[in-house]
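Data block below; observations after.
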Amino acid sequence: MTKQPFYITTAISYVNAPPHLGHAYEVIGADVMARFKRLDGFDVYFLTGTDEHGQKVQKMAETKGKSPQQFADEIAATFIDQTKYLNISNDQFIRTTQDDHKKASQHAWRELQSRGDIYLNKYAGWYSVRDEAYYGEDELSTREDGKKICTATGTEVEWIEEESYFFKLSAYEQKLLDLYENHPDFIQPAFRRNEVVSFVKQGLKDLSISRTSFNWGIPVPGDEKHVMYVWIDALLNYISALGYPEDKNGLFKKYWPCDVHLIGKDIVRFHAIYWPAILMSLEIPLPKRVFGHGFLLTGGNKMSKSLGNVISPQNLVEKFGADASRYALMREVTFGQDGDISWPLMTARINAELANNIGNLVQRTLSQINKNCDGKVPQPGILEDVDHALLNHAGQEMLIAVRGEFEKLQFSRALEEIVRVANAANAYIDEQAPWTLKKTDTARMQTVLYVLAETIRNLGLILQPFVPVAAHRILDQVAVPADARDFVHIGTQHALQAGAELPKPEGVFPRIVDEEPAAQEKTA
RNA sequence: GGCGGGGUAGCUCAGUGGUAGAGCAGAGGAAUCAUAAUCCUUUGGUCGGGGGUUCAAAUCCCUCCCUCGCUACCA
């Protein structure tokens with residue numbers, strides 16, 4: 001039986017600055033999803049990468065006295081590095097300065113042109129030289145001296161007309177509305193969909209898709225004083241990475257259309273309007289889903305350098321390690337909504353759930369097996385109702401519940417289901433009190449410890465997407481072979497064999513102990 | 001301004017007509033296998049304000065207040 005393909009992407013990160021926690025959050029979310037799907041029997045392709053063209057990068061490079069490519073190389077390296085220390089399982093890391101991507105983009109451009117969807121015209125508007133940006137009338141005000149200024153930045157604006165190629169976005173208005181109508185799940189969460197629909201209903205203007213005021217970009221084929229607007233170039237990464245247009249390796253045929261574009265809420269419009277319109281023009285099937293996640297906040301504020309409340313991905317991993325960092329971010333925030341993050345909140349969550357609940361469950365169970373069962377998987381007797389109840393909960397019940405949450409990308413809910421099982425197991429161990437049975441009924445003690453070991457095996461399996469390293473250590477400790485670790489092995493059909501040798505147990509989720517409480521208050 | 005979300009226990013949130021819920025935090029107790037971890041019990045809310053419909057409203061209607069998002073060419 002061939003596996004069903006599953007293609008997931010993150011947004012490609014803009015290389016004007018190294019990764020911040022928002023980048024980490026997004027790529028972790030995508031990684032958790034990718035790992036889950038792989039373990040659940042899908043043939044997964046997971047893409048992330050960097051977006052390297054555009055005026056901002058050119059400008060940043062100039063201020064650093066570097067060539068744009070050199071600058072992009074340096075920043076891209078920090079994003080690639082991030083995939084390592086966060087333990088991200090991406091299948092490819094695309095960079096938009098790659099040759100094949102440039103060629104693919106130019107090919108797409110010609111295709112759009114051949115369908116009559118690109119035309120040359122002038123882009124005109126109020127431009128601030130200082131801000132290097134156009135502003136709409138509503139963003140402007142008039143100064144005492146009569147000059148027009150941008151209200152937000154206070155800089156003077158002048159009327160500028162610039163030659164530009166346009167994409168006939170307006171032609172796709174109705175098709176897009178039909179898309180949202182016929183595929184209500186195309187944009188998620190649902191409230192984002194409503195925003196997009198109302199935006200499109202206001203009417204779409206054609207999109208200016210080339211620039212002449214700078215040159216760090218992909219040259220427009222046949223008119224090289226223009227470079228492609230960076231978003232056109234950027235969006236095309238999702239297909240160029242798969243080998244569009246030649247598709248030499250067959251990736252495009254196999255994995256397109258994309259199952260999930262995971263992106264930030266700030267770029268929903270590009271992915272839910274421009275991107276499908278471009279694909280419609282190219283006559284390429286549309287992605288199945290665009291999911292816009294929320295932002296991480298601290299104390300209700302955006303993280304910013306000026307507020308001094310920035311938590312960097314490196315800081316996070318240094319303090320908690322990759323596993324616990326991934327857990328904290330996925331658990332603490334409802335995916336799709338903004339969420340509050342802080343050192344104390346994350347520490348509390350990690351200690352309460354990973355260390356105290358799950359970690360301690362594993363430790364207390366395995367150390368009893370180690371001491372009282374000769375270090376082997378104990379031999380169960382006849383199972384009682386309570387035993388079946390726990391095993392069912394930790395088996396199919398949990399898998400079905402967790403899978404349901406993953407379908408909705410509700411990672412924090414999925415973890416809630418998992419923690420619930422560990423909770424039930426802790427209640428079970430207290431109620432059954434194997435340490436008492438040791439003196440009164442060793443056969444029953446063995447049964448109880450067996451049921452717990454089985455529960456731990458299931459927990460280890462289901463935790464793999466979130467905390468890959470620790471989950472593997474848990475599975476090692478209950479001697480689960482490497483080829484018995486995907487989700488078909490969850491449940492009683494693949495239960496542990498009594499008598500199997502177990503290694504000496506070691507803690508997998510250490511408690512976070514703050515040596516400097518003062519450091520907490522700083523960000524609390 | 002327009003459109004759309006929210007406002008429920010200290011915190012994060014669930015709950016769309018029928019006696020207010022969960023997790024965490026707080027309090028008390030039990031246990032001692034375990035990472036001083038665990039388990040049980042429990043305090044706590046006039047469900048943003050006001051008005052209305054109804055036998056009955058967090059839940060429906062009106063109104064007001066507060067808050068957040070979207071309202072195109074930086075990405």
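This one's a predicted model, so the numbers in the text were calculated from it and none came from an experiment. So you know, we letter chains A, B, ... as the sequences are listed, proteins then strands, and number each from 1.
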Taking the C1' atom of each, how far is B:A22 from B:U42, in whole Å?
15 Å
Which whole number of Å gives the distance between the C1' atom of B:U12 and that of B:A75?
32 Å
Would you call the rings of A:Tyr274 and A:Phe270 parallel, tilted or perpendicular, taking 30° and 60° as the class edges?
perpendicular
Name the closest nucleotide to the A:Phe199 side chain, picking from B:U71, B:C13, B:C74.
B:U71
Roughly how many Å is it from CZ in A:Arg269 to P in B:C70, rounded to a whole number?
9 Å
Touch class at under 4.0 angstrom, heavy-atom based, for A:Arg211 against every strand present
sugar-phosphate
What integer number of Å spans the C1' atoms of B:G15 and B:C47?
10 Å
B:U16 to B:C61 separation - C1' atoms, rounded to the nearest Å:
14 Å
B:A72 C1' sits how many Å from A:Ile267 CD1, rounded?
15 Å
Output the rounded distance in Å from CD (A:Glu162) to C1' (B:C73).
11 Å
Hey, does A:Asp51 reach any base, or is it just sugar-phosphate, or nothing, if we go heavy atoms under 4.0 Å?
sugar-phosphate
Any strand counts, and the cut-off is 3.5 Å on both contacts for Watson-Crick or G-U wobble. Which nucleotide pairs with B:C47?
none
Spatial distance of atom CG (A:Leu235) from atom CD1 (A:Ile267) [nearest 0.5 Å]:
8.0 Å
Residue pair A:Ser164 / A:Glu162, side-chain donor-acceptor N/O under 3.5 Å
no
Identified side-chain hydrogen bond (donor to acceptor under 3.5 Å, both in side chains) counterpart of A:Arg95 within the set A:Asp51, A:Asp73, A:Asn237
A:Asp73
In whole angstrom, what separates A:Ile232's CD1 from B:A72's C1'?
13 Å
Test A:Phe291 against A:Phe335 for ring pair (Phe, Tyr, Trp, His ring centres under 6.0 Å), laying out the working first.
CA-CA 10 Å; A:Phe291 190 101; A:Phe335 213 67; 5.5 Å; yes
Could you check how far CD1 of A:Ile209 sits from P of B:A75, rounded to whole Å?
13 Å
Roughly how many Å is it from CD in A:Glu161 to C1' in B:C73, rounded to a whole number?
16 Å
Between B:G18 and B:A58, how many Å separate the two C1' atoms, rounded to a whole number?
13 Å
Taking the inter-plane angle between the rings of A:Tyr165 and A:His226 on a 0 to 90° scale, is it parallel (under 30°), tilted (30 to 60°) or perpendicular (over 60°)?
perpendicular
Rounded to whole angstrom, note down the C1' distance from B:A20 over to B:U63.
26 Å
Start at the 5' end of RNA chain B and walk down; is the nucleotide closest to A:Phe191 or to A:Leu345 reached first?
A:Phe191
I need a per-nucleotide contact map over nucleotides 24-43 of chain B, read 5' to 3'. Cutoff is protein heavy atoms under 4.0 Å; write B for the base, S for backbone only, - otherwise.
-------SSBBB-SBS----
Figure out the CZ/P separation between A:Phe270 and B:A75, and round it to whole Å.
7 Å
Write down the distance separating the C1' atoms in B:U41 and B:G50, rounded off to the nearest Å.
40 Å
Using distance alone, with no hydrogens and no angle criterion, decide if A:Tyr238 and A:His271 have a side-chain donor and acceptor under 3.5 Å apart.
yes
Scanning all shown strands, the Watson-Crick or wobble mate of B:G21 with both distances under 3.5 Å is B:C13
Side-chain contact check for A:Arg192: nearest option of B:A75, B:G69, B:C73 is B:G69
Using both distances under 3.5 Å as the test, list the Watson-Crick or G-U wobble partner of B:U54, or none.
none
Heavy atoms under 4.0 Å, any strand shown: does A:Gly203 hit a base, just sugar-phosphate, or nothing?
base
Please name the nucleotide paired to B:G26 by Watson-Crick or G-U wobble geometry with both distances under 3.5 Å, or report none.
B:U42
Non-neighbouring partners of A:Asp338 that pass salt bridge (charged side-chain N to carboxylate O under 4.0 Å, His left out), sequence neighbours left out
A:Lys265
Taking atom C1' in both B:C13 and B:C74, compute the distance separating them and give it to the nearest angstrom.
35 Å
Listed by chain and number, what are the ring pair (Phe, Tyr, Trp, His ring centres under 6.0 Å) partners of A:Phe466, not counting sequence neighbours?
A:Phe406
To the nearest Å, how far apart are A:Asp338 CG and B:U12 C1'?
14 Å
Opposite nucleotide pairing with B:G69, Watson-Crick or G-U, both atom distances under 3.5 Å:
B:C3
Taking any heavy-atom pair under 4.0 Å as a contact, classify A:Glu416: base, sugar-phosphate, or nothing.
nothing
